[in-house]
Amino acid sequence: MRRLVVIAVLALLASPLAAQDNPFKFPKNKVNAIQVSYAYAGDMQGTGERDISKDKFVTHENTTSKFFGKTTSSDSWTLFTSDYTYSADLTKKTGVKRPNVLPYMEKAYDNLDGASKARLHQNMQDMAQMITRAFGTQALTAGEKGETKTFAGEKCQEHSFAGFSVCSMEDAPAIPLHLQGDLFCVNFEETATSVKKGEPPASAFQPPPGITFQSDSNMASPDSLARGFVTYLASQQLADSLAKAKAEMAKQAPASKTSNTSNASSAEKPRELTPEEKAQQRAACEKLKNFDLGKTMADAGKSVVKEALNEAAQEKEAEAKNSAKNKIKGLFKKPHL
């Protein structure tokens with residue numbers, strides 16, 4: 001999934017309306033046209049630009065990141081419209097065109113009955129809490145508000161969700177002014193450096209030159225895919241699987257009992273890591289990020305080849321010694337009397 005889609009979904013799930021309204025309905029902005037510039041920090045360094053005009057928005061990111069001992073540079077361009085998304089790798093000069101699935105997911109959610117809608121929200125909350133506990137983060141549950149902050153001269157309301165902190169612009173909830181997260185040993189931070197209200201230049205929404213967008217064959221039936229995905233999120237099957245997984249986690253790492261509460265479905269907060277545990281976790285992550293998987297595999301291959309050559313040389317040497325012994329024995333045959 002594209003990183004921007006992840007950001008949008010996180011912003012939606014962290015919204016205070018997510019617990020009641022359609023979580024796949026993109027929030028409406030009071031500001032219909034805006035340009036925002038970003039700076040990235042953490043394990044991903046670089047800059048980004050996001051331009052919005054009515055029902056379409058475009059993002060351009062130029063970043064450098066390091067993982068598994070490999071430094072990767074990325075120059076990507078993505079355009080979202082009401083019907084399609086266009087993603088381009090400006091370095092490789094390749095592009096993919098996909099249907100915008102959010103409207104289909106929004107429709108699929110609206111077609112659910114009341115019980116299924118409630119189960120979907122509960123399943124999503126349970127998944128968030130499991131992620132929170134599994135990675136030892138102290139995330140707030142979806143819908144809880146954080147502080148009101150200011151970035152690039154604009155106010156935003158902060159929400160936290162499963163280890164991610166999203167500060168969405170007050171006049172434009174679909175626009176994050178600050179995003180921070182630490183998951184799977186990857187720490188990243190996105191901060192708005194400038195905000196300019198007003199219609200972006202038309203050129204911002206024009207496809208980059210030299211890019212041919214190929215249709216994604218896996219997204220040929222977006223309606224069916226969205227309906228199947230939303231139905232699964234709302235299924236009793238998923239609810240049962242999550243309940244089983246939560247029970248297994250409770251057995252492996254018993255958490256402290258929470259105080260009595262009227263909300264029987266509220267989950268226990270994860271134990272906060274000690275400073276020593278946090279330091280050990282960060283050290284392990286640094287080792288993982290600096291671990292050169294390609295070099296290790298190449299070295300292992302060289303080692304296997306070297307060992308095979310040594311064995312072959314030893315076998316050849318042993319054969320030569322045996323041959324020499326047999327020749328010497330032939331010189332000292334027992335004489336015939």
Side-chain angles (χ1 to χ4, degrees), residues 1-31 34-52 57 59 61 63 102 121 124-184 186-197 263 266-273 278 282:
M1 181 181 292
R2 301 293 297 178
R3 182 177 158 280
L4 183 62
V5 176
V6 175
I7 293 173
V9 172
L10 288 171
L12 288 171
L13 294 176
S15 167
L17 297 176
Q20 297 85 20
D21 295 346
N22 191 326
F24 308 106
K25 187 175 182 179
F26 210 74
K28 292 184 178 180
N29 298 326
K30 294 180 182 178
V31 180
I34 194 170
Q35 303 172 69
V36 185
S37 297
Y38 295 92
Y40 301 127
D43 296 324
M44 184 176 67
Q45 306 281 334
T47 58
E49 181 80 22
R50 187 168 299 144
D51 300 320
I52 296 180
F57 65 95
T59 181
E61 298 175 335
T63 60
L102 277 179
H121 285 288
M124 292 172 71
Q125 184 179 16
D126 288 345
M127 284 190 288
Q129 290 166 346
M130 287 183 65
I131 293 173
T132 298
R133 291 186 61 183
F135 292 95
T137 58
Q138 292 296 308
L140 303 174
T141 56
E144 288 189 39
K145 291 184 179 181
E147 301 178 27
T148 298
K149 298 183 177 180
T150 301
F151 295 94
E154 294 290 336
K155 290 184 178 180
C156 60
Q157 179 66 61
E158 187 177 51
H159 294 88
S160 296
F161 176 82
F164 293 88
S165 173
V166 182
C167 202
S168 300
M169 188 173 170
E170 287 186 344
D171 293 338
I175 300 176
L177 295 181
H178 183 254
L179 173 68
Q180 188 170 20
D182 192 347
L183 189 62
F184 300 116
V186 177
N187 175 275
F188 61 92
E189 183 177 13
E190 176 185 78
T191 305
T193 55
S194 71
V195 176
K196 183 180 179 181
K197 296 179 181 178
N263 185 3
S266 62
E268 300 171 350
K269 289 186 177 181
R271 177 182 68 83
E272 185 175 1
L273 297 178
K278 289 180 180 179
R282 175 51 55 188

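- Side chains of Val195 and Phe151 form no contact here, defined as non-hydrogen atoms less than 4.5 Å apart.
- Between Lys155 and Glu170 there is no salt bridge, since none of the side-chain N atoms of the basic residue sits less than 4.0 Å from a carboxylate O of the acidic one.
- At a threshold of 4.5 Å between non-hydrogen side-chain atoms, the residues Val36 and Met169 do not count as touching.
- Considering OG of Ser168 and CG of Leu177, their distance stands at 7.5 Å, rounded to 0.5 Å.
- His121 NE2 to Asn22 CG: the interatomic distance, rounded to the nearest 0.5 Å, is 7.5 Å.
- Once rounded to the nearest 0.5 Å, the distance linking OG1 of Thr148 with CD of Glu158 reads 9.0 Å.
- Looking at Glu190 and Tyr40, their side chains come closer than 4.5 Å, going by heavy atoms from C-beta outward.
- Within the 4.5 Å cutoff, the side chain of Glu147 has no heavy atoms near those of the Ser165 side chain.
- When all heavy atoms of Ala152 and Ala192 are compared, the closest pair comes out as CB-O, 3.8 Å.
- In this structure, the separation between OG1 on Thr59 and OH on Tyr38 is 8.0 Å, given to the nearest 0.5 Å.
- One finds the CG atom of Asp51 at 8.0 Å from the OG atom of Ser37 (value rounded to the nearest 0.5 Å).
- The line from CD of Gln35 to CD1 of Ile52 is 10.5 Å long, rounded to the nearest 0.5 Å.
- By the salt bridge (charged side-chain N to carboxylate O under 4.0 Å, His left out) test, Lys197 pairs with Glu154, Asp171, sequence neighbours left out.
- Listed by chain and residue number, nothing satisfies the salt bridge (charged side-chain N to carboxylate O under 4.0 Å, His left out) test with Glu49 (two or more places apart in sequence, or in another chain).
- Checked against side-chain hydrogen bond (donor to acceptor under 3.5 Å, both in side chains), Thr47 has no partners two or more places apart in sequence or in another chain.
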